[in-house]
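These notes are about the structure you will find just below.
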Amino acid sequence: MIRLENISKYYHSGNNIVLALRKINLDMNIGEFIVITGESGSGKSTLLNVLSGLDTYEEGKLFINNKNVSHYSVRELEHYRKDYIGFIFQDYNIINSYSVYQNVALALTVQGLSKEEKHQKTIEIIKQVGLEKQMHQKAVKLSGGEKQRLTISRVAYRNPDIVLMDEATSALDSQNESEVQMALDELLK
Ligand code: ADP
Ligand code: MG
């Protein structure tokens, strides 16, 4: 589904050039769960940003579903992200002053559902990630693990083909980490 051929990326900082990715070759297929490990600064985030179309690269080719997307414009990359990608960062992309319910409902707004359908779907998603007790709490009051489950619920509604996570659980303790892991298992199903 995704293929990287000899992808290299450089950053310019001051007079220096930092080689962030050196000729990366990688094949990823539907249904696979892939973990990328490496020490800090080894290029993991850079790789995810390239995969998601958030960042450019200087060399190599990127294929999605056998289509070469290396020469996509900014606009085409936006469509690619919208159609294919769900991205979960370490710092949760949620609105703190909104309740859990409002955060999920907001994510559903663009789908053209009726009011009742939207309400039902919102509840369904909240249950899926186990946040029904916190449904009317403001997001700012949630624990780290609950926030991350809320983030996951917002990605889940779009049902993206590719879910990218950049250290999505590294800020959490082990209890919260396993709760997030369970929510992810649900999402991946
Ligand atoms: P990781 O996620 O594995 O910790 P990164 O992908 O963030 O690694 O960084 C890879 C390398 O690229 C590091 O040497 C980092 O300093 C450098 N780098 C990352 N982002 C930038 C940037 N915006 N400008 C300059 N150098 C960067
Ligand atoms: Mg990183």
Side-chain angles (χ1 to χ4, degrees), residues 1-29 32-64 68-96 103 107 129 139-140 142-156 158 160-185 187-188:
M1 170 157 202
I2 308 179
R3 166 186 286 253
L4 283 81
E5 278 182 15
N6 286 318
I7 293 223
S8 299
K9 173 163 183 70
Y10 308 88
Y11 288 111
H12 298 266
S13 71
N15 287 330
N16 294 324
I17 293 178
V18 178
L19 180 58
L21 299 176
R22 184 204 309 260
K23 293 199 181 294
I24 303 290
N25 291 286
L26 204 54
D27 267 303
M28 296 178 231
N29 297 306
E32 279 188 328
F33 186 99
I34 296 169
V35 179
I36 297 161
T37 62
E39 60 192 50
S40 182
S42 61
K44 305 180 296 293
S45 294
T46 303
L47 179 60
L48 292 184
N49 290 342
V50 164
L51 284 179
S52 66
L54 280 173
D55 215 343
T56 56
Y57 41 93
E58 278 63 45
E59 251 178 56
K61 291 181 191 152
L62 177 62
F63 295 87
I64 310 288
N68 187 344
V69 304
S70 312
H71 306 294
Y72 267 24
S73 65
V74 171
R75 190 136 172 227
E76 286 170 315
L77 282 174
E78 256 168 42
H79 281 292
Y80 159 62
R81 272 207 302 283
K82 196 153 107 337
D83 294 344
Y84 287 102
I85 305 283
F87 210 133
I88 301 169
F89 298 93
Q90 182 177 350
D91 39 7
Y92 333 100
N93 18 11
I94 53 179
I95 300 173
N96 272 319
N103 264 288
V129 294
V140 70
L142 300 174
S143 71
E146 289 165 348
K147 279 187 189 166
Q148 202 56 301
R149 274 145 66 198
L150 180 55
T151 307
I152 290 165
S153 75
R154 285 172 47 116
V155 169
R158 284 174 44 223
D161 288 349
I162 304 162
V163 178
L164 300 171
M165 291 173 275
D166 194 354
E167 310 214 22
T169 60
S170 60
L172 306 175
D173 60 34
S174 59
Q175 169 68 27
N176 273 307
E177 184 176 12
S178 54
E179 280 171 21
V180 168
Q181 196 60 55
M182 279 189 275
L184 282 173
D185 288 345
L187 165 63
L188 294 172

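Note that the structure is predicted; figures quoted are calculated from it, not measured. One-based numbering along the sequence shown. Both ligands and their constituent atoms are indexed starting at 1 by order of listing.
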query = Can you check whether Val129's main-chain N or O pairs, donor with acceptor, with Arg149's side chain at less than 3.5 Å?
reply = yes
request  = Please confirm whether Gly41 comes within less than 3.5 Å of ligand 1 when only nitrogen or oxygen atoms on both sides are compared.
outcome  = yes
inquiry  = Do Lys9 and Tyr11 form a cation-pi contact, if we require the NZ or CZ to be under 6.0 Å from the six-membered ring centre and within 45 degrees of the ring's axis?
reply    = yes
message = Taking 2.8 Å as the cut-off, does Ser40 contribute an N, O or S atom near the Mg ion (ligand 2), distance below it?
response = no
request  = Could you check atom 19 (C) of ligand 1 against the protein and tell me its nearest heavy-atom contact, residue, atom and distance included?
outcome  = Tyr11 CE1, 3.3 Å
key: Arg3 atom CZ: more than 12 heavy-atom contacts under 6.0 Å   = no
query = Any non-hydrogen protein atom below 4.0 Å of atom 16 (O) of ligand 1?
reply = no
inquiry  = To check your reading of the model: name the closest protein heavy atom to atom 8 (O) of ligand 1, its residue, and the distance in Å.
reply    = Gly43 N, 3.1 Å
key: Glu32 CD: over 12 foreign heavy atoms closer than 6.0 Å   = yes
key: Nearest-option assignment for atom 6 (O) of ligand 1, heavy atoms, candidates Asp55, Thr46, Leu48, Ile36   = Thr46
message = Between Ser8 and Glu59 (side chain of the first, backbone of the second, donor and acceptor by atom type, cut-off under 3.5 Å), is there such a pair?
response = no
request  = With heavy atoms of Ala20 as the reference, note each atom of ligand 1 found under 4.0 Å away.
outcome  = 12 (O)
ask   = Between Val18 and ligand 1, is there a nitrogen or oxygen pair with a distance under 3.5 Å?
value = no
ask   = So is Glu167 in contact with ligand 1, going by heavy-atom distances below 4.0 Å?
value = no
